[in-house]
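Data block below; observations after.
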Amino acid sequence: MRRGEKVKDILKQGGPRSGVVLSGWVRSVRDSKQVAFVMVNDGSCLESLQVVMDAALPSHADVVKAGTGAAVRVTGDLVPSQGGGQQWELKASCIEVVGSSDPSYPLQKKRHTFEFLRTIAHLRVRSNVFGAVFRVRNAASHAIHRFFQERGFLWVHTPIITGSDCEGAGEMFQVTTLELGNPPRTEEGKIDFAQDFFARQTSLTVSGQLEAETFALAFGDVYTFGPTFRAENSNTPRHASEFWMIEPEMAFFDLQDNVALATDFIKYMTAFVLEQCGGDIDFLEQWVEKGLRARLEQVVSSQFSVMTYTEAVERLAASGEKFEYPVKWGIDLQTEHERHLTEVLVKGPVFVIDYPKDIKAFYMKVNDDGRTVAAMDLLVPRIGEIIGGSQREHRLDVLLERIRGLGLREEDYWWYLDTRRFGTCPHAGFGLGFERAVMYLTGMSNIRDVIPYPRVPGTAEF
RNA sequence: UCCCGAGUAGCUCAACCGGCAGAGCGGGUGGCUGUUAACCACUAGGUUGGGGGUUCAAGUCCCUCCUCGGGAGCCA
């Protein structure tokens, strides 16, 4: 099949020239007596190509009837457009209806609500906004791999099914082949997971960090980029049950190195998207978030602030702002605190570091003061926390003390603890919620609208 | 999971104090000499989210369930 050229390439190359072939889907048809205009989009870019169809063309009636959404293949000459609104148009010598579209096609030329579009997630990708969102999502993934590969990082594929029920945060989805209605029981009456597929209780991963650490202590610099699952009953615009996460892990790295890398990383990704998806960003600017482009450009050029948790608490307390939850040293920053910090006090991305030990995970390095850990959260306006990371506790004795103190079972971490026995070294890493990054890059305000087929509590359609 | 709000035609929304359920867009039919969310005319389209209750009478009031949105918690 001769598919022809992409709209993106046709517009880039320009004309005039003859014998151009284009395949795509009809966005709209404007028909009058002598001539009809068919907007054809192929997803390669935001723009549709205007196809001019003389009423004398044999397939004229078929094309007009084929309907919005139909698949067509056009052959014609690329000529300067007589009308305003586009530079080039395709004067058709032949239009073939490859697949017609039923009149019930739900996408109108009018604006739809995101709520409605979510119910037709298989078709919403043919709309302008979702075209832009998923091209940005693609460019961002590309940028992430490029950033790390250029710096010699190893992409590690950590397991999706995990046997450790102790990875820290979050409820986990259980993985089993046992008969749910009648599982085998032990003598005490408990479910006998020894008879399950993996001969133990298994779940979907909530993080690849612990496994990534073992690779960092062999390859130096590594990163994960893959799906992650949380069975939390979270119903917010920022949480999904299935999402993608990027987790770099670097050996011989401390918290300052970590902050520096995370900063470079965010800037690189943002600059890459601005460069690759300029048209999409401008469209999102117009329809989704005013000021998007300026905000992204500012991310690339500005310096990210860094402040300690202690300083953040002091500044919040001194701000005079009335918070629903009062700020106090020792309690975790609430969403309202984080947003006030990044949106009002700093007005930009800010790293908060050195959190109280008691509110953070066991694997974070205990600072010399004995009461804080070398943690870092990157807070950004609108989204809140986008990156969470830390320098890891590399001292075996301190780590063991932390595990025991939290009532965790040492034997569950035997392989993780081995890394501290055999050539341990200071190392650090962070986790980036990929969808939150895409939200930040596109201005979209609901995580369900930056995932192709979102999974959230009560919903797994498509 | 908790708090608040919403659910009316395929979509987006009206409908006053409880009194005949409407518009725009989309669809269909016809028209229009180059359109840009094209335009003009005509036309079809409804168990007012489900169930129960109050009332002569319920889209409207009460109870309950479901779904969606906003906020919170958990977090990325």
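These values consider heavy atoms only, across backbone and side chains, with no hydrogens, waters or symmetry-generated copies. Letters A, B, ... mirror the listed sequences (proteins, then strands); counts begin at 1.
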Calculate the interatomic distance between A/Phe265 atom CZ and B/A76 atom P; express it in whole Å.
-> 15 Å

Strand partner of B/G27, provided both Watson-Crick or wobble distances fall under 3.5 Å = B/U43

In the strands shown, is B/U33 matched to any nucleotide by a Watson-Crick or G-U wobble pair with both distances under 3.5 Å, and which?
-> none

Kindly indicate whether the side chain of A/Glu89 and the base of B/G34 share any N or O donor-acceptor pair separated by less than 3.5 Å?
-> yes

To the nearest angstrom, the OH-C1' distance between A/Tyr105 and B/C25 comes to 16 Å

Return the nucleotide paired to B/C61: Watson-Crick means purine N1 to pyrimidine N3 with N6-O4 or O6-N4, wobble means G-U with N1-O2 and O6-N3, both under 3.5 Å.
-> B/G53

For B/C68, the Watson-Crick or wobble partner whose two distances fall under 3.5 Å = B/G5

Any side-chain heavy-atom pair from A/Val40 and A/Ser48 closer than 4.5 angstrom?
-> no

Does A/Ser445 place a side-chain N or O at less than 4.0 Å from the phosphate oxygens OP1/OP2 of B/G70?
-> no

Of the listed nucleotides B/C11, B/G73, B/C32, the one nearest the side chain of A/Asp31 | B/C32

Tell me whether the OP1 or OP2 atom of B/C25 has a side-chain N or O from A/Arg111 closer than 4.0 Å.
-> no

Please determine if a side-chain N or O atom of A/Asn446 lies less than 4.0 Å away from the OP1 or OP2 oxygen of B/G70.
-> yes

Just to confirm, is there a sub-4.0 Å distance from OP1 or OP2 of B/G34 to any side-chain nitrogen or oxygen of A/Lys33?
-> no

Separation of B/U33 C1' from A/His60 NE2 (nearest whole Å) | 13 Å

If you measure from the ring centre of A/Phe243 to the centre of the six-membered ring in the base of B/A76, is it under 5.5 Å, with the planes under 30° apart?
-> yes

Would you mind classifying the nucleic acid contact of A/His239 as base, sugar-phosphate or nothing, using non-hydrogen atoms under 4.0 angstrom?
-> base

Within this structure, what is the CZ-to-P distance between A/Phe229 and B/A76, rounded to whole angstrom?
-> 16 Å

Could you state the atom-to-atom distance from CD of A/Glu115 to C1' of B/C66 in whole Å?
-> 17 Å

Please confirm whether A/Arg295 makes a cation-pi placement over A/Tyr440, using NZ or CZ under 6.0 Å from the six-membered ring centre and within 45° of the ring normal.
-> yes

Can you figure out which of B/A72, B/A38, B/C11 approaches the side chain of A/Arg238 most closely?
-> B/A72

Does a nitrogen or oxygen in the side chain of A/Ser104 sit under 4.0 Å from OP1 or OP2 of B/G10?
-> no

Starting from P on B/A9, measure out to CD on A/Gln108 and report it in whole angstrom.
-> 13 Å

If only side-chain N and O atoms of A/Arg30 are considered, is one of them under 4.0 Å from the OP1 or OP2 phosphate oxygen of B/U35?
-> no

Ring-face cation contact, A/Trp88 with A/Arg17, 6.0 Å cut, 45° max = no

Find the partner of B/C13: check Watson-Crick (N1-N3 plus N6-O4 or O6-N4) and G-U wobble (N1-O2, O6-N3) distances, both under 3.5 Å, and reply none if neither fits.
-> B/G22

Is the side chain of A/Thr342 donor-acceptor paired with the backbone N or O of A/Glu338 at a distance under 3.5 Å, no angle test?
-> no

Would one find more than 12 heavy atoms of other residues, nucleotides or ligands at under 6.0 Å from atom NZ of A/Lys8?
-> no

Picking from A/Asp354, A/Asp358, A/Asn367, what satisfies side chain to side chain donor-acceptor pair (under 3.5 Å) with A/Thr372?
-> A/Asn367

Is the distance from OP1 or OP2 of B/G34 to the nearest side-chain N or O of A/Gln34 less than 4.0 Å?
-> no

chi for B/C17 classified (syn = within 90 degrees of 0, anti otherwise) as syn

Verify the contact: side-chain N or O of A/Ser32 to OP1 or OP2 of B/A38, cut-off strictly under 4.0 Å; return yes or no.
-> no

Value in whole Å for how far the C1' atom of B/A37 lies from NZ of A/Lys110 | 10 Å

Length of the CD-C1' vector between A/Glu338 and B/G73, whole Å | 12 Å

Quick check: are there more than 12 heavy atoms from other residues, nucleotides or ligands sitting under 6.0 Å from CZ of A/Phe215?
-> no

